[in-house]
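Here the structure is laid out as structure tokens; the discussion comes afterwards.
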Amino acid sequence: MVVMMKLLQDVVINILLMLPVKSLMRLKCLSKSCYTLVQSSTFVNLHLNRPTTFRDGLILFKRSIKQDDDLHKTILSFLSGDDENHLSPINPDLDVPCMTSNYSNDFDQFIGPCQGIVALMDNLTTVLFNPSTRNYRLLPPSPFNIPPPFSYAIECVGFGFDNISNDYKVIRILDVYLEDHGYPQDFEKKIEVYDVDIDFWRELDHADQNFPTIYWLPSSQMFYQGSCHWIGISIEDALVILSFDLSTETFHTAKTPDSCYFMNGPSYGLAVLNDTFTLICYPRTERAKNTNEFTYIWLRKDYSGCDSWIKKYTIKGLPIQSPLAIWRECLLLFQCSNGFLMSCNLRSNEVSEYNLHGSPTSLRVIIYKESLTLIPRGYGSSTQIETF
């Protein structure tokens, strides 16, 4: 009898794992036992790690619309694709009320998904968000102050999941400087880390002062295999990949392909293609319309090796303002200079424009799969989990 009950429970769980999140959320209201099952960490993890294909990937599309000189409206759209790769909404658009400044239009970062959670960040605000359940949490700002006559600039931000501590982390790298006639002098690096589960900001005391200068663009950062990654320029003016291991909290630097350079060269972005770390090399905006310019897709086949780059694709005459993501293993989604979302099929070189647009430089894309992942509330925190 016990074996039969266990078999029946396993069958029920396997059936439930095939249901969309919207149906599972409704099922929670059916009975206390259904609520307990769907809400349990065991079921949430099973659902997160269930077998899927690239066609299960949905698109979370962020854009900003300018309302006046200093105010923007940030909008999230939830999209899916058909067999012809046409995009259509699967849910109504959402406004993000806490992302309205110019920073949210030009300098924000869209990171994830990490264990089902997405981070929307600028230099003032961090919002953690589950696209499937619509739950979100606005994180507290860093409590650390920079006393005068010093000032600071946020060089980069990152977000990811630490498998060892089983916690999400946010990282900020700051340049602290003494102002002299309005010009920054004597940079010093400062590293701040926020542990989401315990709701605590702290400073790292082992910051290396020989960091590369981070190359800040919407696609110049990425979380991959337990580490945050950024494109940077070394003190020798070489283009490099800087990474921060969230478990060991140590930094590492890796080389880029020999043909990649920064001074008077192309622009660069990071992506994932076929689960492989990918570097996108594309013409600067002012040269993007030149039909003689090329976009190159490089794969880092051996992630542990610094020089294991393979040039996978070469595309001519692509009008990229910034690359956004690679969808369905072959479609490069990118923003063009007029603020429209476009795609290029890397296998056929076919370019398409979607009827989706926002303020130029504001477009961001995340490819995600439905999940029930809960956002940690933080121990002793007054921060609440809200629903859009």
Side-chain angles (χ1 to χ4, degrees), residues 1-61 76-82 88-98 112-120 126-139 159-163 165-169 195-199 366-388:
M1 179 64 71
V2 174
V3 174
M4 289 296 294
M5 290 296 292
K6 179 67 168 61
L7 268 173
L8 181 60
Q9 185 181 38
D10 290 344
V11 170
V12 170
I13 288 176
N14 284 327
I15 292 173
L16 293 180
L17 289 175
M18 294 186 288
L19 296 178
V21 165
K22 190 173 183 179
S23 298
L24 292 172
M25 298 296 286
R26 289 174 175 169
L27 191 64
K28 288 169 59 177
C29 304
L30 187 62
S31 68
K32 186 176 180 180
S33 60
C34 288
Y35 179 89
T36 302
L37 173 63
V38 174
Q39 194 81 357
S40 69
S41 58
T42 299
F43 185 81
V44 169
N45 288 330
L46 285 172
H47 187 270
L48 179 66
N49 297 300
R50 71 196 186 282
T52 57
T53 69
F54 70 87
R55 291 197 175 275
D56 295 309
L58 303 172
I59 290 178
L60 181 59
F61 175 57
L76 294 176
S77 299
F78 303 83
L79 310 170
S80 68
D82 58 20
S88 58
I90 55 176
N91 286 299
D93 289 349
L94 291 178
D95 292 352
V96 184
C98 45
C114 304
Q115 297 291 307
I117 302 299
V118 166
L120 179 55
T126 299
V127 181
L128 301 188
F129 176 53
N130 183 326
S132 305
T133 65
R134 310 300 178 84
N135 290 334
Y136 77 95
R137 174 179 164 189
L138 178 63
L139 300 188
F159 167 73
F161 186 77
D162 178 359
N163 288 305
S165 66
N166 198 36
D167 190 13
Y168 298 93
K169 293 180 178 179
D195 302 289
V196 174
D197 194 32
I198 62 176
D199 188 33
I366 279 181
I367 311 300
Y368 74 99
K369 297 177 182 178
E370 287 200 316
S371 82
L372 293 163
T373 304
L374 303 176
I375 302 173
R377 291 181 180 272
Y379 297 131
S381 171
S382 60
T383 306
Q384 297 298 313
I385 306 300
E386 307 287 349
T387 301
F388 281 113

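Predicted, not measured: the structure shown is a model, and the values here were computed from it. The figures that follow rest on heavy atoms only: side chains count, while hydrogens, waters and symmetry mates do not.
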Step-by-step side-chain contact (heavy atoms from CB on, under 4.5 Å) determination, L58 to K369 = CA-CA 6 Å; L58 303 172; K369 297 177 182 178; over 6 Å; no

How close do V21 and S371 get, heavy atom to heavy atom, and via which atoms?
-> CG2-O, 3.7 Å

Hey, are the side chains of Y168 and D162 touching, using non-hydrogen atoms and a 4.5 Å cut-off?
-> no

How many angstroms lie between atom CG of L48 and atom OG of S41, to the nearest 0.5 angstrom?
-> 12.0 Å

Flag the pair S77 / P89 as yes when at least one side-chain heavy-atom distance between them is below 4.5 Å, and no otherwise.
-> no

With a cut-off of 6.0 Å (strictly less than), are more than 12 heavy atoms of other residues, nucleotides or ligands near CZ of R50?
-> yes

Where do V38 and L27 come nearest, in terms of heavy atoms and distance?
-> CG2-CD2, 4.3 Å

Does the side chain of L139 come within less than 4.5 Å of V127's, by heavy atoms?
-> no

Out of curiosity, L60 CG to L76 CG, how far, rounded to the nearest 0.5 Å?
-> 5.0 Å

Any chance you could measure D167, atom CG, to Q115, atom CD, to the nearest 0.5 Å?
-> 11.5 Å

Separation between CZ of R137 and CZ of F129, rounded to the nearest 0.5 Å = 15.5 Å

Scanning both residues in full, the closest heavy-atom pair of Q39 with K28 reads OE1-NZ, 2.8 Å

Between Y368 and F78, what is the ring plane arrangement, given parallel below 30°, perpendicular above 60°, and tilted in between?
-> perpendicular

Non-hydrogen atoms of P376 and D197 that approach each other most closely | CB-OD1, 3.7 Å

When you measure from the side chain of S23 to the backbone N and O of L19, does any donor-acceptor pair fall under 3.5 Å?
-> no

H47 and E370: which non-hydrogen atoms are nearest, and at how many Å?
-> CE1-O, 3.4 Å

Measure across V118 and F159 and return the closest heavy-atom pair with its distance rounded to 0.1 Å.
-> C-CE2, 4.4 Å

Report yes or no: does D56 contribute a side-chain atom to a donor-acceptor pair with the main-chain N or O of T52 at less than 3.5 Å?
-> no

Check: N130 side chain, I117 main-chain N or O, donor-acceptor pair, under 3.5 Å = no

Taking atom CD1 of I367 and atom CZ of F61, what is their separation to the nearest 0.5 Å?
-> 11.5 Å

Scan side-chain atoms only and decide if S31 and S33 contain a donor-acceptor pair under the 3.5 Å cut-off.
-> yes

For V196, does its backbone N or O pair with a side-chain atom of D199 as donor and acceptor, under 3.5 Å?
-> no

Taking the side chain as C-beta and beyond, is there a heavy-atom pair between T133 and M25 under 4.5 Å?
-> yes

Between CG of L128 and OG1 of T373, what distance do you get to the nearest 0.5 Å?
-> 12.0 Å

